[in-house]
Amino acid sequence: FTGLINIPPHIAERMHEIDWTGGMLNLAYFLGLVSKQDASDLAPALKPLTRKEQLDAVWKLSPPERLLELQLTPEGLDHWVDIASSLIECGKTYEPSSSVSSLDVFYANPLRGSKEDWLNNQLKPWAGFSRDDPSYTDVPGQHYTLMDFDHVPGFQKIFRKRLEARGL
């Protein structure tokens with residue numbers, strides 16, 4: 001079983017668009033520390049600042065109850081940004097190759113554009129890496145929320161059904 005969760009096969013170009021500040025703000029947005037609009041608006045002002053100053057600015061904007069809920073410390077946020085940055089760096093040189101017998105692609109609302117465009121133009125190219133026709137399964141949520149408390153129970157049921165359909 002190979003399951004892909006809301007990620008296209010060709011990500012290198014997009015990863016090259018994300019600098020450290022953009023990656024940190026994306027993570028802060030995904031974690032619910034800043035709004036999507038704040039993440040977009042903050043980038044130009046934060047870029048000339050040091051890494052610590054950028055993290056401090058996001059920390060000060062973060063809802064205290066969300067920080068508590070995540071049990072996040074400033075050091076923890078810095079560590080998570082390091083992990084996110086490492087994943088972005090890996091993505092810069094990632095090119096899928098070879099194929100598997102079958103793929104299950106789970107997709108949610110994308111960060112930008114329509115779900116139909118996301119599916120047809122970004123995700124369907126996975127077919128080139130699957131010997132059988134891939135399965136594309138619509139899941140609730142958006143790219144950054146499909147694994148949050150509101151959507152995990154529904155996603156788990158959908159995921160389990162796909163596993164069962166594959167005989168697992």
*Asks:* Is Thr145 reaching over with its side chain to a backbone N or O of Asp148, donor-acceptor style, under 3.5 angstrom?
*Replies:*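 Pair absent, no side-chain N/O of Thr145 close to backbone of Asp148.
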*Asks:* Answer whether the closest heavy-atom distance between the side chains of Leu33 and Leu77 falls below 4.5 Å.
*Replies:*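 The answer is yes, as the side chains (C-beta and beyond) meet within the 4.5 Å cut-off.
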*Asks:* Determine the interplanar angle of the Trp118 and His143 rings, folded into 0 to 90°, and report it as parallel if under 30°, tilted if 30 to 60°, perpendicular if over 60°.
*Replies:*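 Perpendicular: the ring planes of Trp118 and His143 meet at over 60°.
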*Asks:* Closest approach of Trp126 and Val105, non-hydrogen atoms and distance?
*Replies:*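 In terms of heavy atoms, the two residues are closest at CD1-CG2, 4.0 Å.
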*Asks:* Looking at every heavy atom in both Pro134 and Ala127, which two are closest together, and how far apart are they?
*Replies:*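 The answer is CG-CA, 3.5 Å.
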*Asks:* Can you measure from CZ (Arg14) to CG (Leu111) and round to the nearest 0.5 angstrom?
*Replies:*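 Output value for this atom pair is 7.0 Å.
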*Asks:* Treating Asn120 as the side-chain partner and Glu116 as the backbone partner, does any N or O pair qualify as donor plus acceptor under 3.5 Å?
*Replies:*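 Here the side-chain-to-backbone pair exists.
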*Asks:* Give, for atom CD of Gln122 and atom CD1 of Ile11, the distance between the pair rounded to the nearest 0.5 Å.
*Replies:*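 These two atoms lie 11.5 Å from each other.
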*Asks:* Tell me if the CD atom of Gln71 is crowded by more than 12 foreign heavy atoms within 6.0 Å.
*Replies:*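 For Gln71, atom CD is not crowded (no more than 12 foreign heavy atoms under 6.0 Å).
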*Asks:* Less than 4.5 Å apart, any side-chain heavy atom of Ser98 and any of Phe129?
*Replies:*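 SC-SC contact between Ser98 and Phe129 ruled out.
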*Asks:* Yes or no on side chain to side chain donor-acceptor pair (under 3.5 Å) for Arg131 and Ser99, after CA distance, side-chain angles and deciding distance?
*Replies:* CA-CA 6 Å; Arg131 292 185 291 278; Ser99 65; 3.0 Å; yes
*Asks:* Please confirm whether the ring centroid of Tyr107 lies under 6.0 Å from the ring centroid of Tyr136.
*Replies:*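 Not under 6.0 Å, so no.
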*Asks:* Go through the side-chain N and O atoms of Thr50 and Glu53 and say whether any donor and acceptor fall under 3.5 Å apart.
*Replies:*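 A pair is found: one side chain offers a donor N or O, the other an acceptor, under 3.5 Å apart.
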*Asks:* May I have the step-by-step check of side-chain contact (heavy atoms from CB on, under 4.5 Å) for Leu42 and Leu61, ending in yes or no?
*Replies:* CA-CA 11 Å; Leu42 284 168; Leu61 291 171; 3.5 Å; yes
*Asks:* For Ala108 and Gly141, work out which heavy atoms get closest and say how close.
*Replies:*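 It is CB-O, 3.3 Å.
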*Asks:* More than 12 foreign heavy atoms under 6.0 Å from CD of Glu17: is that the case here?
*Replies:*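 Count over threshold, so yes.
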*Asks:* Are more than 12 heavy atoms, taken from residues, nucleotides or ligands other than Lys161, located less than 6.0 Å from that residue's NZ atom?
*Replies:*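 Atom NZ in Lys161 is not packed in, count stays at 12 or less.
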*Asks:* So which heavy atom on Ile18 is nearest to which on Gly23, and how close?
*Replies:*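 For Ile18 versus Gly23, the nearest heavy atoms are CG2-N, 3.3 Å.
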*Asks:* Count the heavy atoms of every other residue, nucleotide or ligand shown that sit under 6.0 Å from CZ of Arg160, and state whether that count exceeds 12.
*Replies:*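 Check fails, neighbour count at 12 or below.
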*Asks:* Quick check: closest heavy atoms across Leu25 and Ala39, and the distance to 0.1 Å?
*Replies:*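 Nearest pair, atom of Leu25 first, then Ala39: CD1-O, 3.3 Å.
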*Asks:* Are side-chain heavy atoms of Gln54 and Thr21 found at a separation under 4.5 Å?
*Replies:*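 Heavy-atom side-chain distance check passes, below 4.5 Å.
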*Asks:* Nearest 0.5 Å, what's the CZ-CD distance between Phe159 and Glu164?
*Replies:*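 Result: 11.5 Å between the selected atoms.
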*Asks:* Side chains of Trp59 and Leu67, heavy atoms from C-beta outward: is any pair under 4.5 Å?
*Replies:*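 Yes; the side chains approach each other to less than 4.5 Å.
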*Asks:* Would you compute the distance between atom CE of Met15 and atom NZ of Lys92 and round it to the nearest 0.5 angstrom?
*Replies:*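 The distance works out to 9.5 Å.
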*Asks:* Judged by atom type as modelled, is there a donor-acceptor pair below 3.5 Å linking the side chain of Lys60 to the main-chain atoms of Leu55?
*Replies:*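 Checking the backbone N and O of Leu55 against the side chain of Lys60, no donor-acceptor pair under 3.5 Å is found.
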*Asks:* Would you say the side chain of Phe106 lies within less than 4.5 Å of the side chain of Asp104, judging by non-hydrogen atoms?
*Replies:*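 In short, these two side chains touch, coming nearer than 4.5 Å.
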*Asks:* With the side chain counted from C-beta on, respond yes when Ile158 and Pro140 share a heavy-atom pair under 4.5 Å apart, and no when they do not.
*Replies:*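 Of all side-chain heavy-atom pairs linking Pro140 with Ile158, at least one is under 4.5 Å.
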*Asks:* For the CG atom of Asp78 and the CE atom of Met24, what is their distance to the nearest 0.5 Å?
*Replies:*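 Going from the CG atom of Asp78 to the CE atom of Met24 covers 10.0 Å.
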*Asks:* Nearest 0.5 Å please: distance from the CD1 atom of Ile88 over to the CG atom of Asn26.
*Replies:*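 Atom-to-atom, Ile88:CD1 and Asn26:CG are 7.0 Å apart.
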*Asks:* In the single-linkage hydrophobic clustering (I, L, V, M, F, W, Y; side-chain heavy atoms under 4.5 Å), do Leu146 and Leu119 co-cluster?
*Replies:*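 Shared cluster, no.
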*Asks:* Does any N or O in the side chain of Trp80 come within less than 3.5 Å of the main-chain N or O of Leu72, such that one atom is a donor and the other an acceptor?
*Replies:*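 Answer holds: no.
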